[in-house]
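One structure is given here, and the rest of the page talks about it.
Start at 1 with the first residue, then count along the sequence. Quick caveat, the model's predicted, so the values are computed rather than measured.
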Amino acid sequence: MSIPPTVPFQALGNQAQFMSRQCGNDRLAMILQYVALGSFIAMTGFTASKILKEAFDTPDKPRGRGHH
């Protein structure tokens with residue numbers, strides 16, 4: 001049994017697009033395109049949340065849990 005390659009989440013979209021071009025099965029190619037699109041959307045949302053958090057976070061606010 002072969003072990004599937006592990007790909008970092010940031011590279012998943014590009015890797016899925018590449019694999020969809022290389023496979024000969026139309027259904028698998030479509031699924032891989034959806035995986036690529038989903039990972040691009042997820043990474044965009046993650047990046048946007050980080051940017052918004054940094055932009056609107058107050059610098060004097062204590063970090064971590066349990067601080068009020």
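Alongside Met30, the hydrophobic cluster contains Tyr34 (criterion: ILVMFWY side chains under 4.5 Å).
Between atom CE of residue Met19 and atom CD of residue Gln33 there is a gap of 11.5 Å, rounded to the nearest 0.5 Å.
Side-chain N or O atoms of Thr47 include none that pairs as donor or acceptor with a backbone N or O of Thr44 at under 3.5 Å.
For Asn25, the side chain to side chain contact (heavy atoms under 4.5 Å, CB included) partners at least two apart in sequence or on another chain are Arg27, Leu28.
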